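Along the sequence shown, residues carry numbers from 1. Just follow the structure's listing: the first ligand is 1, and inside any ligand the first atom is 1. What you see is a predicted model; the values in this text were computed from it and never measured.
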Amino acid sequence: MITVPVELGDRSYDVLVGRGARHRLLEMLPVGVQRAAVVTQAAVDIRVDPGVEHEVFLIDDGEEAKCMETVEELCRRFTRWGLTRRDVVVAVGGGVVTDTAGFAAAVYHRGVPVVHVATTLLAQVDAAIGGKTGVNLPEGKNLVGAFWQPAAVLCDTEVLETLPPREYLSGCGEMAKYHFLGGEHLEDLSLDERVAACVRIKADVVAADETEGATGVRATLNYGHTLAHALETAGHYDLRHGEAVAIGLVFAAELARRLERIDEGRVDHHRKVVASYNLPSHLPEGADADDLIALMARDKKAVSGLTFVLDGPGGVQPVSGVDTDQVRLALEAVR
Ligand code: GLY
């Protein structure tokens, strides 16, 4: 079992990575916890035993469940069950569950502790780590949320064996991102070590910039995500999040090359990493550049013109005021 600390002063916590990590839940609960509200989905067939009195709260399946109505419903059910600040929310599932249950925990009674048991690769290497919680609005993804650090995260790699192949592939899209954020050695590692290495990279970034402040360090975790979110918000493409991120990584490399931040060899490296995970690197059929550019201009990072996280001589960093024509050319390069 590998333990990765997330160093955030008095809100520091451990991420436990390895086969069977879910069985260590009781020892990872905050000291003195009396009861646990286990939030999960019917489709998640991973059972956990918190070892204290608990109740299971099911939320609907799918990204549509990640919404304000689900948070309200959860908080109302917590109230009826009598959840208090001495208790804990345990989120068992992928990013939809950890984001939604994490946000409900952040706002219920102005904050109750939450422990994430991440059951998808995507949640293990990204969604469950670092305290970003939130839900979607009809106008876009993740538009309402809070930073609410978990008390602990369990990444049980054994449960990844039963993930549907496309769900696993989606997690690989987030893994691919870490190759450009200090994870150049990732391909040499076993799955457990690789998940732990991704968690360690994310933990270091979060420790340096917990709330995505002025330094822009945390925004680097959104590498590949500006186009990915636009593709997802457009809504009519059959793409999982990580697949969209993979296309976004190659697009970001093409854009960085056009802005003379990286050379052709580095673009090729992006294409090779993405291909090594069997992830897509081309826009879906019929993708409309104007629509995608309009959606990318609405990205939360876009405070001054079109803003992207781009590779460059100083590494990956946010770049504002990017010329629309260059964006259009980079989109054509991934068509
Ligand atoms: N998924 C990006 C972040 O946690 O900051």
Notebook entry, point to check: Under a 4.5 Å side-chain heavy-atom rule over Ile, Leu, Val, Met, Phe, Trp and Tyr, are Val327 and Leu295 clustered together?
Noted result: no

Extract all N/O-N/O pairs under 3.5 Å that connect ligand 1 to the protein, and present each with both atom names and the distance rounded to 0.1 Å.
from	atom 1	to	atom 2	distance (Å)
ligand 1	1 (N)	Asp126	OD1	3.1
ligand 1	1 (N)	Asp126	OD2	3.2
ligand 1	4 (O)	Lys202	NZ	2.6
ligand 1	4 (O)	Arg218	NH2	2.8
ligand 1	5 (O)	Lys132	NZ	3.0
ligand 1	5 (O)	Arg218	NE	2.7
ligand 1	5 (O)	Arg218	NH2	3.3

Next item on the list: Decide if the gap between the ring center of His269 and the ring center of His179 is smaller than 6.0 angstrom.
Entry: no

Next item on the list: Take the angle between the ring planes of Phe180 and His270 and call it parallel below 30°, perpendicular above 60°, tilted in between.
Entry: parallel

Next item on the list: Check whether any side-chain N or O of Glu243 sits under 3.5 Å from a backbone N or O of Arg240 as a donor-acceptor pair, and report yes or no.
Entry: yes

Checklist line | NZ or CZ of Arg11 within 45° of Trp148 ring axis and under 6.0 Å | finding: no

Check: Do the side chains of Val199 and Ile201 join up, straight or via other hydrophobic residues, at under 4.5 Å, putting them in one cluster?
Finding: yes

